[in-house]
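Here is the structure we will look at.
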There are 2 protein chains.
Amino acid sequence: MAAPRPTIKDVAALAGVSKSLVSLAMRDSGRVSPESLTAIRAAADELGYRPNAAARSLADRRSNTIGVLVQDLHNPISAEIIDGVQRQVRASGYHTMLVTGSEVAELEQSEIEKLLEFQVEGLVIIGHRMPAGARAAIKGYCPTVIISRAESDIAGLDSISNDDNAGGRMAVDHLYSLGHRAIAHITGGDNKVALMRKSGYESAMTGYGLATQLASYEGAFTDEGGYRGTCAALDSKMGHSAIFVANDLAAVGALAAAADRGLKVPDELSIIGYDGMALGGLRSISLTTIAQPLATMGLDAAALLFLRIKDPTRPPVHIGLEPRLVIRNSTGVYHR
Amino acid sequence: MAAPRPTIKDVAALAGVSKSLVSLAMRDSGRVSPESLTAIRAAADELGYRPNAAARSLADRRSNTIGVLVQDLHNPISAEIIDGVQRQVRASGYHTMLVTGSEVAELEQSEIEKLLEFQVEGLVIIGHRMPAGARAAIKGYCPTVIISRAESDIAGLDSISNDDNAGGRMAVDHLYSLGHRAIAHITGGDNKVALMRKSGYESAMTGYGLATQLASYEGAFTDEGGYRGTCAALDSKMGHSAIFVANDLAAVGALAAAADRGLKVPDELSIIGYDGMALGGLRSISLTTIAQPLATMGLDAAALLFLRIKDPTRPPVHIGLEPRLVIRNSTGVYHR
DNA sequence: AACGGGTATTGGAACGGTCCAACGCAGCGT
DNA sequence: ACGCTGCGTTGGACCGTTCCAATACCCGTT
């Protein structure tokens with residue numbers, strides 16, 4: 001059955017009025033007599049009428065839609081950020097169109113391209129990598145906010161993130177205050193976020209006069225990366241009593257590495273992660289971490305986006321939120 | 001700056017041809033002379049032209065878009081299913097529009113409504129609850145596939161899921177073969193999926209002549225639910241040596257409950273989950289589970305959807321995939 | 001030189017909405 | 001009786017595409 005969807009014209013015909021009036025009625029913009037209104041309502045749901053968003057967006061010259069690109073849907077923190085974004089976007093009467101990125105830059109680029117073709121009025125990008133299409137976004141003057149990276153350096157893009165540098169220092173502070181000195185760091189790769197966390201680690205260590213104890217091992221923002229990095233750290237002969245891992249996912253890998261070596265956490269080894277993913281709070285993981293205010297970041301990002309939409313000329317800003325230390329059971333006082 | 005996006009007309013004017021030709025060129029549908037083609041290409045990217053999806057979809061009378069509703073984005077298995085769906089959808093030359101559901105039925109309903117307004121050509125619903133808008137979807141003749149619930153009973157909807165009943169039995173089989181007899185079950189609530197897993201548990205137990213050992217404790221598909229249910233199980237005086245938890249997330253909660261009680265897993269208590277979420281494979285969790293073929297389910301769902309789009313009259317089918325046992329370190333042989 | 005045939009190109013009518021200027025009609029004051 | 005005013009309503013233009021029928025052009029035949 002072809003079953004062509006009923007249009008506004010069909011409704012008008014059935015209700016015995018003009019399509020203009022139906023249009024007004026559908027958006028209940030006053031000025032429609034009660035009788036017409038009920039007649040139209042009745043006709044509409046007898047036919048199962050549903051407005052055509054494409055037509056509307058074409059006529060309006062606005063899509064009422066915000067595009068969201070999530071680089072890594074598998075990282076549990078993405079879901080929490082998305083929640084925040086969606087709530088705010090919804091509250092503002094917009095819809096979200098969510099697409100997922102991928103390692104392949106071209107695919108990511110093409111996803112952004114699609115969003116732009118849909119005439120999204122704004123773009124939220126969630127991820128720690130530089131999105132392939134960001135520059136295109138700027139060039140096309142599509143209001144854009146990047147979450148989780150500080151992009152204030154890239155002219156024209158608003159961004160929001162926690163202060164990774166400060167967070168890195170907080171991690172060290174915490175371990176130091178527990179008495180640890182031989183503190184290792186497992187990196188999260190060579191993306192900017194990971195590098196900032198690392199530099200926070202380094203500056204705090206140096207600040208404590210522990211420059212000689214500096215020891216970074218190569219990891220990644222994944223379970224596997226954390227496992228490998230931690231193995232390397234433990235294999236070294238530096239006698240690390242505590243490890244600061246670049247993110248929670250990797251820290252869970254670190255926990256596993258410790259378990260494999262028969263090291264009790266936190267008695268024999270303290271481990272602290274970064275992100276504050278909900279799963280880290282699961283009782284059987286119970287990971288001490290530097291938590292980002294994930295939902296807040298999502299909310300604020302959307303709010304920021306609407307500000308820019310309203311005034312595209314405002315200077316780009318970067319909002320840096322303070323992360324906070326969440327102490328659970330993976331860190332403890334140092335005792336030899 | 002108003003910066004109105006350039007249209008096909010602008011490109012045509014700049015390239016000195018008609019808009020029709022530009023239209024042809026943009027979709028490289030043969031028949032355009034090389035000279036025109038390059039002229040148009042040049043004009044297009046000088047202006048930064050990007051086709052307007054709304055206009056295109058209006059003229060084409062098709063959106064080239066598949067809507068995806070994810071009921072629970074926070075459950076890590078969602079991401080893996082989505083991956084599968086997206087890959088298949090992309091491979092078929094369509095885009096996906098992803099929205100998230102919520103506990104609030106009305107919100108979920110309105111999200112589906114939005115998707116339909118966007119004239120999505122098909123709908124994929126990922127979740128174990130009955131989606132509020134499913135009936136509307138059927139009524140509106142929008143091709144729909146439900147993932148993770150068997151909805152063959154609801155006329156007109158295709159569905160795809162693993163066989164939860166068989167999976168429940170497999171879990172019991174595994175524990176039984178390890179020598180366990182006092183096997184408890186932590187439920188996942190009163191949704192259909194959870195109920196089927198439970199009934200698999202019950203029938204397997206009864207089959208082994210363990211009807212007297214049947215013991216289900218109320219839980220939920222969350223960490224918290226698993227924790228509470230397991231506490232209840234352990235507080236009972238039934239001496240359970242093994243627990244089958246309705247899903248992985250809850251099973252992680254169960255692990256925590258065991259740890260809190262000082263019970264060694266798997267030596268003193270075996271725990272098996274259900275789903276096969278990637279996080280269960282993290283070394284420090286290492287959860288034995290009944291794994292669903294998540295990515296495959298996503299792929300197949302999309303494939304099924306396209307079949308239905310092509311032929312809307314075909315009878316609705318349900319595809320049941322076999323789950324498989326993944327043995328890790330949370331289950332072990334029974335010894336008193 | 002006229003003709004046919006193919007190829008490259010074009011104008012205009014859709015598509016389903018929104019917007020706007022104009023219209024009919026009541027009630028009102030004068 | 002007259003023109004105002006204001007409300008409810010209407011037709012038609014427009015949004016940026018695609019599609020189709022029509023056209024212009026070039027080339028080889030006859």
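Residue numbering restarts at 1 for every chain, and letters A, B, ... go by the order of the sequence lines.
No donor-acceptor distance shorter than 3.5 angstrom exists from the side chain of A:R41 to the backbone of A:A39, with no hydrogens or angles considered. For B:D10 (side chain) and B:T7 (main-chain N/O), a donor-acceptor pair under 3.5 Å exists by modelled atom type.
Nearest heavy atoms, B:T65 versus B:T96: CG2-C, 4.4 Å. B:V120 approaches B:C142 most closely through the heavy-atom pair O-SG, 4.0 Å.
When rounded to the nearest whole Å, the span between CZ of A:R31 and C1' of D:dT9 equals 11 Å. Counting to the nearest Å, the C1' atom of D:dG16 and the CE atom of B:M26 are 13 Å from each other. The CD atom of A:E117 sits 15 Å away from the P atom of D:dG16 (whole-angstrom rounding). Computed from coordinates, the A:I8 CD1 to D:dG12 C1' distance equals 14 Å when rounded to whole Å. Rounding to whole angstrom units, CZ of residue B:R27 and P of D:dT17 are separated by 11 Å. As rounded to whole Å, 15 Å separates atom P of C:dG17 from atom CG of A:L21. A:R61 has its CZ atom 8 Å from the C1' atom of D:dC14, to the nearest Å.
Screening B:E121, B:Q86, B:Q88 against B:Y94 for a side-chain hydrogen bond (donor to acceptor under 3.5 Å, both in side chains) leaves a single residue, B:E121. With respect to B:R50, the side-chain hydrogen bond (donor to acceptor under 3.5 Å, both in side chains) criterion is satisfied by exactly one of A:Q119, A:E117, A:E113: A:E113.
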Would you sort out whether A:R5 and A:N52 count as a side-chain contact (heavy atoms from CB on, under 4.5 Å), showing the intermediate values? CA-CA 9 Å; A:R5 314 224 182 174; A:N52 181 325; over 6 Å; no
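Between the side chain of A:S36 and the base of D:dG8, no donor-acceptor pair under 3.5 Å is found.
Within the 4.5 Å cutoff, no side-chain heavy atoms of B:E111 are placed close to those of B:L115. B:D300 is not listed as a side-chain neighbour of B:V145, based on a closest heavy-atom distance of 4.5 Å or more.
Applying a 4.0 Å cut-off to non-hydrogen atoms, the residues of residues 51-60 of chain A that approach DNA chain D are A:L58, A:A59, listed by residue number. Listed by residue number, the members of residues 9-19 of chain A with any heavy atom below 4.0 angstrom from DNA chain C are A:K19.
Annotation: of the two residues near DNA chain C, B:L37 and A:V22, the 5′-most nearest-nucleotide partner is B:L37.
Heavy atoms of A:S33 sit under 4.0 angstrom from primed sugar atoms or phosphate atoms, though from no base atom. As judged by a 4.0 angstrom heavy-atom cut-off over every strand, A:S20 is placed among the base-contacting residues.
Taking CD1 from A:I309 and CD1 from A:I66, the interatomic distance works out to 4.0 Å, rounded to the nearest 0.5 Å.
Stems are defined here as 3 or more consecutive Watson-Crick or G-U wobble pairs with pairing distances under 3.5 Å; those involving DNA chain C are C:1-30 with D:1-30.
When only modelled atom types and interatomic distance are considered, A:S148 and A:H128 share no side-chain donor-acceptor pair under 3.5 Å.
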